Amino acid sequence: MNENTLESVQQCLNQFDVTEEQLQQIQAGILGDMERALGRQAGSSPSVQMLPTYVRSTPRGTEQGDFLVLELGASGATLRVLWVTLTGISGPRKEPVSQEFTIPTEITLGTGQQLFDFAAGCLVQFLDQLQVGSQPIQLGFNFSFPCHQTGLNQSTLISWTKGFRCSGVEGQDVVQLLREAIQRQGAYNIEVVAVVNDTVGAMMSCDPSPQACEVGLVVDTGTNACYMEEVRHVAELKEDRGRICVNVQWGSFGDGGALEPVQTPFDLQLDQESLHPGTQSPSHGRARAQAMLQELGLTPSAQDCAQVQRVCGAVSSRAARLCAAALTAVLARVRSNPERSPLGVSVATGGRLYKQHPRFSALLQQTVRLLAPDADVTFVPSEDGGGRGVAVVTAVASRLALQRRQLEETLAPFRLHSQQLKAVQAQMRESMVRGLRGESSSIRMLPTYVCAMPDGTERGDFLALDLGGTNFRVLWVKVGSRSEEGIKIINRVFSLPESVTQGTGQQLFDHIVDCIVDFQKENNLSGQTLPLSFTFSFPCKQLGLDQGILLNWTKGFKASDCEGQDVVSLLRAAIRRRQGVELNVVAIVNDTVGTMMSCGYEDPHCEVGLIVGTGTNACYMEELGNVCAVPGDRGRMCINMEWGAFGDDGLALQEFYTPFDLSVDQASINPGKQRYEKLISGMYLGEIVRQVLLHLTHLRVLFGGQEFPSLQTKDIIKTKFLSEIESDLERWQVRAILEKLDLQADCEDALLVREVCQAVSRRAAQLCGAGVAAVVEKIRENRGLDRLSVTVGVDGTLYKLHPHFSEQVKDAVRELAPQCCVRFLLSEDGSGKGAALVSAVACRLAGAAGP
Ligand code: G6P
Ligand code: BGC
């Protein structure tokens with residue numbers, strides 16, 4: 001061969017020389033594209049895809065079990081099936097059993113069904129030989145094509161590569177297609193638990209000690225890489241903590257032209273002849289060369305073989321160097337992570353070209369050292385072609401699937417369907433009727449002696465007390481004309497220490513009088529005897545407007561010597577004990593009644609009062625004729641239902657009581673009492689959630705099974721916590737809230753905690769809605785109406801502050817009382833105003849104007 005020929009060969013081969021500068025440009029180009037793709041910046045069209053794989057941690061080495069692995073596309077038109085046994089940290093290592101199948105071209109170019117039936121057929125063939133019997137089998141699917149994953153076992157094929165072109169698969173979930181093919185075989189009980197890209201399989205197959213691989217590199221028929229990225233950098237995930245493996249899909253780099261400087265006419269021709277022109281740009285002994293050229297029907301001279309070798313060398317060198325440039329871009333991402341291991345980075349390598357080519361890996365590593373001299377990189381050959389890695393991911397996926405099942409089993413009893421709610425509505429209705437008749441009923445239907453709503457003519461100054469909710473308040477209420485002054489309120493919140501709420505009755509009422517006196521002083525009311533209305537939010541058998549016998553404490557109150565006593569007398573006695581104080585107690589009012597009156601002042605259709613706060617209860621205007629305890633059958637009277645005790649007689653709600661509810665009830669100061677309230681109100685929801693979280697921690701579903709002392713602490717989870725967790729927060733914000741409770745959670749935990757809160761509060765809202773539906777339906781039927789329009793005055797921190805509670809109550813009422821048009825009116829200024837209006841109405845009816 002003469003000089004000219006050698007010269008022209010050299011000129012030709014020079015085109016495959018990629019300079020260091022070009023490699024750095026390519027490295028920078030890929031890095032730029034990676035960051036744009038991660039940011040999902042609008043208008044940018046990066047040519048690498050950066051696909052989240054939902055693999056969130058490198059192997060822990062603890063994974064155990066037998067797993068079936070199906071590899072499709074990792075090495076061209078072959079398919080491999082493996083049986084991998086993971087033995088955890090301590091167990092002896094077991095070599096996988098595997099079998100390779102060649103996929104006929106008519107299958108790789110046929111229909112998707114043909115391909116997946118072929119794959120399922122190979123699985124059956126393999127398992128028949130293995131004789132695994134009928135046990136359920138968990139399969140990890142190593143599918144090495146560009147896919148958009150939405151979960152560990154959900155993956156949509158974006159586009160075929162590597163010579164595949166089966167119809168009806170692009171845009172489809174390949175896991176579903178495989179499941180259907182396995183079902184068509186109907187031979188084995190195989191569950192497809194995870195789908196994994198071959199680079200991920202390579203990365204996950206590495207032994208985690210002394211250091212887990214954080215990058216997976218495959219150079220085979222195709223080439224690609226994956227690596228562990230910070231989730232906060234992956235825009236589509238909207239998370240802040242933890243890492244996730246990202247499948248770079250760098251094969252498409254340069255589709256936008258970035259590789260033109262290094263592309264030769266040979267590459268362009270190859271591209272044009274490829275199945276997918278314009279995408280996926282660019283990819284050995286003398287005797288071997290001779291043999292191969294002869295196989296191609298050529299008769300090469302020794303020099304020809306030498307030149308062919310040079311061409312091969314030039315092409316593969318460029319491939320190794322280009323691959324190195326891309327890999328150093330990935331390494332730059334890994335090394336930008338402040339939390340990365342100080343031990344440098346380990347890269348798992350796989351693929352026949354990388355493994356079998358005599359110089360590829362060495363040249364690649366050399367170029368990596370050139371382009372990233374300060375990167376401390378260890379290359380670790382992946383085992384079993386990544387089969388073990390796929391099994392590890394499958395083990396992780398099955399653990400997550402088991403956790404999901406355990407979570408669903410735990411939360412299932414909280415998911416109520418409409419039949420159950422209709423039953424609650426009907427049982428409540430029956431109990432209401434029995435209560436009104438004075439028959440035994442868990443709902444006591446207490447007459448309140450409030451028979452009229454405010455009509456706007458009320459006037460006067462009133463003192464009001466508001467006891468029983470989150471805060472104890474003293475109020476000065478000035479009732480003026482509705483059109484002019486309206487109602488003005490001056491109030492002050494006073495603390496109520498547990499020593500008072502759980503001390504003696506005398507201590508409690510003396511404390512109340514002390515607060516009144518302080519308030520009077522502050523507002524220059526000392527010595528004035530304003531009519532005083534007492535909102536006392538506990539079950540009282542009223543004998544008149546200003547007489548109420550406390551039946552039993554609720555909501556954590558248990559002051560002694562009060563139950564069975566007339567509360568107004570207890571207050572008056574305390575006033576007498578306090579020398580020089582004159583107070584004219586004219587009315588005792590339940591907070592539901594106060595709320596109804598206060599909203600009734602705004603909306604005359606308001607005939608129901610609802611409280612969903614620390615406790616829960618409702619009242620409504622009942623036909624006097626239906627109230628057996630009060631003589632007379634004309635007009636209406638407001639009935640304080642005390643529905644919190646619904647089910648205390650064991651005739652209702654049994655089926656809804658989960659072990660968590662029972663624990664909360666048992667640990668309360670009134671076990672067996674207020675059973676409806678304990679499923680609904682703010683004082684208990686946090687505790688129910690805590691019990692469920694404890695249970696899920698025991699099951700290792702949550703917090704990796706770590707039992708945090710804070711979670712053992714009673715009442716540590718306040719209802720405010722549910723409202724915050726369920727509001728529209730990002731996962732990291734939820735995590736931050738958990739951290740405030742000394743619960744170290746990852747983003748998966750945060751999501752699970754939110755699901756628990758949602759299930760508990762939704763059940764509460766639905767049960768509350770069933771109660772409201774029973775009340776409005778009673779009013780409608782009382783009045784023989786086809787349709788009823790009514791307003792419900794409502795108050796209470798849970799209803800007011802929880803992001804979804806009120807809407808869920810309304811949804812339930814709409815479904816359960818379709819003939820009622822129910823408006824929910826939030827009470828402003830609480831029920832103190834309503835209590836003052838009760839006095840004002842009483843004064844008006846009594847014909848006595850306020851002072
Ligand atoms: C308002 C009313 C109180 C009522 C309370 C219930 O504050 O003025 O009379 O008891 O709501 O809600 P809570 O969430 O405070 O228990
Ligand atoms: C009490 C009711 C009160 C409700 C809301 C319940 O525990 O028994 O009287 O209306 O809480 O505060």
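For ligands, and for the atoms within them, numbers begin at 1 and follow the listed sequence. The figures that follow rest on heavy atoms only: side chains count, while hydrogens, waters and symmetry mates do not. Everything numeric here is computed off the predicted structure, so don't read it as measured data.
Every atom of ligand 1 is numbered from 1 in the order shown, and the set under 4.0 Å from a heavy atom of Gly613 is 12 (O), 13 (P), 14 (O), 16 (O). Using a 4.0 Å cut-off to heavy atoms of Asp466, the atoms of ligand 1 that qualify are 2 (C), 3 (C), 8 (O), 9 (O). Short contacts between ligand 1 and Gly469, defined as distances under 4.0 Å to a heavy atom of the residue, involve ligand atoms 10 (O), 15 (O), 16 (O).
Ranking the protein heavy atoms by distance from atom 8 (O) of ligand 2 puts Glu642 OE1, 2.7 Å first. Closest to atom 6 (C) of ligand 2, if we only count protein heavy atoms, is Glu677 OE2, 3.0 Å. Atom 10 (O) of ligand 2 has its closest protein heavy atom at Asp591 OD1, 2.5 Å.
Heavy atoms of Ser831 found under 4.0 angstrom from ligand 1 belong to the backbone as well as the side chain. Proximity of Ile611 to ligand 1, defined as any heavy-atom pair under 4.0 Å, is confined to the side chain (atoms from C-beta onward). By the criterion of a heavy-atom distance under 4.0 Å, neither the backbone nor the side chain of Thr614 is placed next to ligand 2.
A salt bridge links Arg783 to Glu623: one of the charged nitrogens lies within less than 4.0 Å of a carboxylate oxygen. Using a 4.0 Å cut-off between charged side-chain N and carboxylate O, Lys778 and Glu622 make a salt bridge. With respect to Asp514 and Arg578, a salt bridge is recorded, a charged nitrogen being found less than 4.0 Å from a carboxylate O.
Not a single heavy atom of Gly613 sits under 4.0 Å from any atom of ligand 2.
For ligand 2, the polar-atom distance check against Thr592 finds no nitrogen or oxygen pair separated by under 3.5 Å. The shortest N or O to N or O distance between Gly615 and ligand 2 is not under 3.5 Å.
Phe656 does not carry Arg763 over the face of its six-membered ring by the limits of under 6.0 Å from the centre and within 45° of the normal.
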